[in-house]
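Every value quoted in this text rests on a predicted model; they were computed, and no experiment measured them. Just so you know, these numbers use all the heavy atoms, side chains as well, and skip hydrogens, waters and symmetry mates.
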Amino acid sequence: MTKHIFVTGGVASSLGKGLTASSLGRLLKSRGLRVTMQKLDPYINVDPGTMNPFEHGEVFVTEDGGETDLDLGHYERFIDENLRRESNATTGSIYSSVIAKERKGEFLGKTVQVIPHVTNEIKERIYRLANDEVDVVITEVGGTVGDIEILPFLEAIRQFRKEVGRSNVCYVHLTLVPYIGPSGEQKTKPTQHSVTELRSRGIQPDVIVCRSDKTLTEGLKRKISLLCDVPEEAVVSAIDARNIYEIPLVLHAEGLDRYVCQLLDLPGEPDLAPWRSLVEKVDAATTPVRIGLIGKYVTLADAYLSVVESLRHGGFHLGVKVEVDWIQAEEISDLLADGRLHDLDAMVIPGGFGERGLEGKIAAAGYAREHDIPCLGLCLGLQMMVVDFARNVAGMAGASSRELDPSSPYLVIDLMDEQRNVVDMGGTMRLGSYVAKLVPGSRVEKAYGEPVVFERHRHRLEVNPRHRRRLEDAGLVCSGTSPDGRLVEFVELPSHPFWVATQAHPEFKSRPDRPHPLFYELVGAALDRAQSRTPTLPDL
């Protein structure tokens, strides 16, 4: 029978439930277990697809087109499994489903209530992931114990253990153990209160993971064990790690996976040699390269989480420490004059929506093109690179995107004909995995090492086929297209060190031990530029 692990949090948000859950998933996979993961989010939005990145960070897209929480990116990167839209459920989606069932008469006229109808729907979302191909389902409950929105989820996972049996469920609770400077002590009281709140909802944690900046002493572990009614070996000290990929090793050293497997009667011994090798590569990546990220939401790093991690993945395997220079797209005109862009070793122009900052992205693309700075465009980034090329190389004055200037004489980026009269713009979005054919001998074909690739998408505008011939005649290579040749998926300039863009979001498929080819190539080009600009000292 499938085993279930529920990860909850207390005291404060952003303690690292997602990374803790992901790390536990990695440890269980290292034992040969088949693991999948899920996030239950208490917000009322149906999904994060319409949320401002400043509110919620990036929207992570799954293979089947689910617009999901960014924690699913951590899950995929750590357990190296492609998740589905079912791996993220929100209060909004759950209530929408319950209300739809009520309208269809599925409740036979009964009064619809949080218990049992909403809690049953939550449990159904968890059951969907449990099948004969999965040994363990790890479910993270968003928010913190005590939040009013989280109560139906806590009740649902309490009932879940009753239904599937105590031996098939493990509750892991993440709390904060702060260090109080004036007293010189770590305080367990926040953990005690958090566990008390969780127990008041009928859930006794099996494991308590304590986040802190210093290792818990054995005395503190005994105190937490006594006051929170868990064995001492179930109190895990999770100190700040040097990098996120070291966390599984930190938790393993504390015995987290051993205790959970003992509790759930899970077999196997961990083989952590590949992961230790990865962490060694992370530690050894010391050669600095500076890569500018030209974005609209740069004041919140989580808005580009997968992009930054993908850059780092490429760096790990090249011995490079990627230093991200966060550049506000709206300020590009000022930066062109002060040399900040010229000092970059490479740049990335990521995705986004809306007209704000688009001219800055176009200017950055042009600067990279003219000054031989390696540049990778992602989704919107491809669109702005095409606009730059159309305006400044192909002689199409005033060329633009429908998103920026619908009255442009050359809408090189536009909706496809069949989309223009669709009222529901969400219905025109290309979401999830799509296939692309690569041009033999092109830079992207050499990077991927294969002629056909699958990448995830999240956009509605495309390179306008009406202007494609003129762009190609001017030297732009459409190096990847949809199978029917209609949609442009990749573009590049053969004469440039690295001026490549994709309509997709390859950052969602990069892994720490298997960097995405485009990011690997970009970081490699950045390293070449950095080394070419470093003066060579004469032999003495």
Side-chain angles (χ1 to χ4, degrees), residues 53 287-301 303-304 307-308 310-312 314-315 318 320-352 354-394 399-401 404 413 443 475-476 491-502 506-507 518-535:
T287 303
V289 299
R290 185 167 165 228
I291 298 181
L293 193 151
I294 318 297
K296 298 165 59 175
Y297 318 109
V298 295
T299 55
L300 181 66
Y304 301 107
V307 174
V308 173
S310 298
L311 290 171
R312 290 174 176 158
L318 288 166
V320 166
K321 182 179 181 181
V322 173
E323 299 173 353
V324 177
D325 189 351
W326 299 91
I327 298 175
Q328 175 55 252
E330 293 174 287
E331 299 173 0
I332 290 294
S333 58
D334 297 328
L335 299 178
L336 292 176
D338 68 9
R340 183 172 168 187
L341 295 186
H342 189 269
D343 291 339
L344 296 173
D345 297 314
M347 66 175 70
V348 175
I349 305 177
E355 64 179 284
R356 182 174 64 83
L358 294 190
E359 288 293 350
K361 293 192 174 194
I362 295 168
Y367 190 89
R369 176 179 49 77
E370 293 171 354
H371 293 82
D372 286 342
I373 299 174
C375 181
L376 175 62
L378 309 172
C379 193
L380 178 67
L382 172 141
Q383 298 170 9
M384 297 304 98
M385 290 168 73
V386 169
V387 170
D388 159 64
F389 188 88
R391 289 180 182 178
N392 302 305
V393 179
S400 194
S401 162
L404 180 62
I413 305 297
R443 179 138 200 175
L476 185 69
V491 300
E492 60 185 67
L493 289 181
S495 59
H496 194 279
F498 190 92
W499 203 80
V500 176
T502 173
E507 65 270 24
L518 294 184
F519 287 92
Y520 181 88
E521 291 292 321
L522 176 71
V523 176
L527 179 60
D528 290 342
R529 176 174 168 82
Q531 292 176 336
S532 70
R533 295 192 303 151
T534 302

Inset, instruction - Take I291 and F519 through the side-chain contact (heavy atoms from CB on, under 4.5 Å) test and state the conclusion after the steps. - result: CA-CA 11 Å; I291 298 181; F519 287 92; over 6 Å; no
Legend entry - Minimum heavy-atom distance between R529 and D372, given as atom pair plus value: NH1-O, 3.9 Å
Inset, instruction - Identify the two heavy atoms, one from W499 and one from L476, that lie closest to each other, and give their separation to 0.1 Å. - result: CZ3-CD1, 4.0 Å
Inset, instruction - Mark yes or no for whether Q383, through its side chain, and I413, through its backbone, hold a donor-acceptor pair below 3.5 Å. - result: no
Inset, instruction - For residues M384 and I294, determine if any side-chain heavy atom of one lies less than 4.5 Å from a side-chain heavy atom of the other. - result: no
Legend entry - Side chain proximity check, E355 to S401, heavy atoms < 4.5 angstrom: no
Sequence neighbours excluded and cut-off under 3.5 Å, please list the side-chain donor-acceptor pairs for residues 345-352, or say none.
{"unit_1": "D345", "atom_1": "OD1", "unit_2": "R533", "atom_2": "NH2", "d": "2.7"}
{"unit_1": "D345", "atom_1": "OD2", "unit_2": "R290", "atom_2": "N", "d": "2.8"}

Inset, instruction - For residues E521 and V500, determine if any side-chain heavy atom of one lies less than 4.5 Å from a side-chain heavy atom of the other. - result: no
Legend entry - side chain to side chain contact (heavy atoms under 4.5 Å, CB included), paired with P374, selected from V523, L344, L522, V289: L522
Inset, instruction - Taking the side chain as every heavy atom from C-beta outward, state whether L341 and H371 have any atom pair closer than 4.5 Å. - result: no
Legend entry - Exercise: identify the closest heavy-atom pair between A525 and F498: CB-CB, 3.8 Å
Legend entry - Within-4.5 Å side-chain heavy-atom neighbours: R369 and L493: yes
Legend entry - Heavy-atom side-chain proximity of V308 to W326 below 4.5 angstrom: yes
Inset, instruction - Applying side-chain contact (heavy atoms from CB on, under 4.5 Å), run through D325 and L293 and close with a yes or a no. - result: CA-CA 6 Å; D325 189 351; L293 193 151; over 6 Å; no
Legend entry - Close side-chain approach of V324 to V322, heavy-atom, < 4.5 Å: yes
Inset, instruction - Of all the heavy-atom pairs spanning K361 and A329, show the shortest one and how long it is. - result: CG-CB, 3.9 Å
Legend entry - Backbone N/O of Y297 and side chain of Y304: donor-acceptor pair under 3.5 Å: yes
Inset, instruction - Check whether any side-chain heavy atom of V387 lies under 4.5 Å from a side-chain heavy atom of L358, and answer yes or no. - result: no
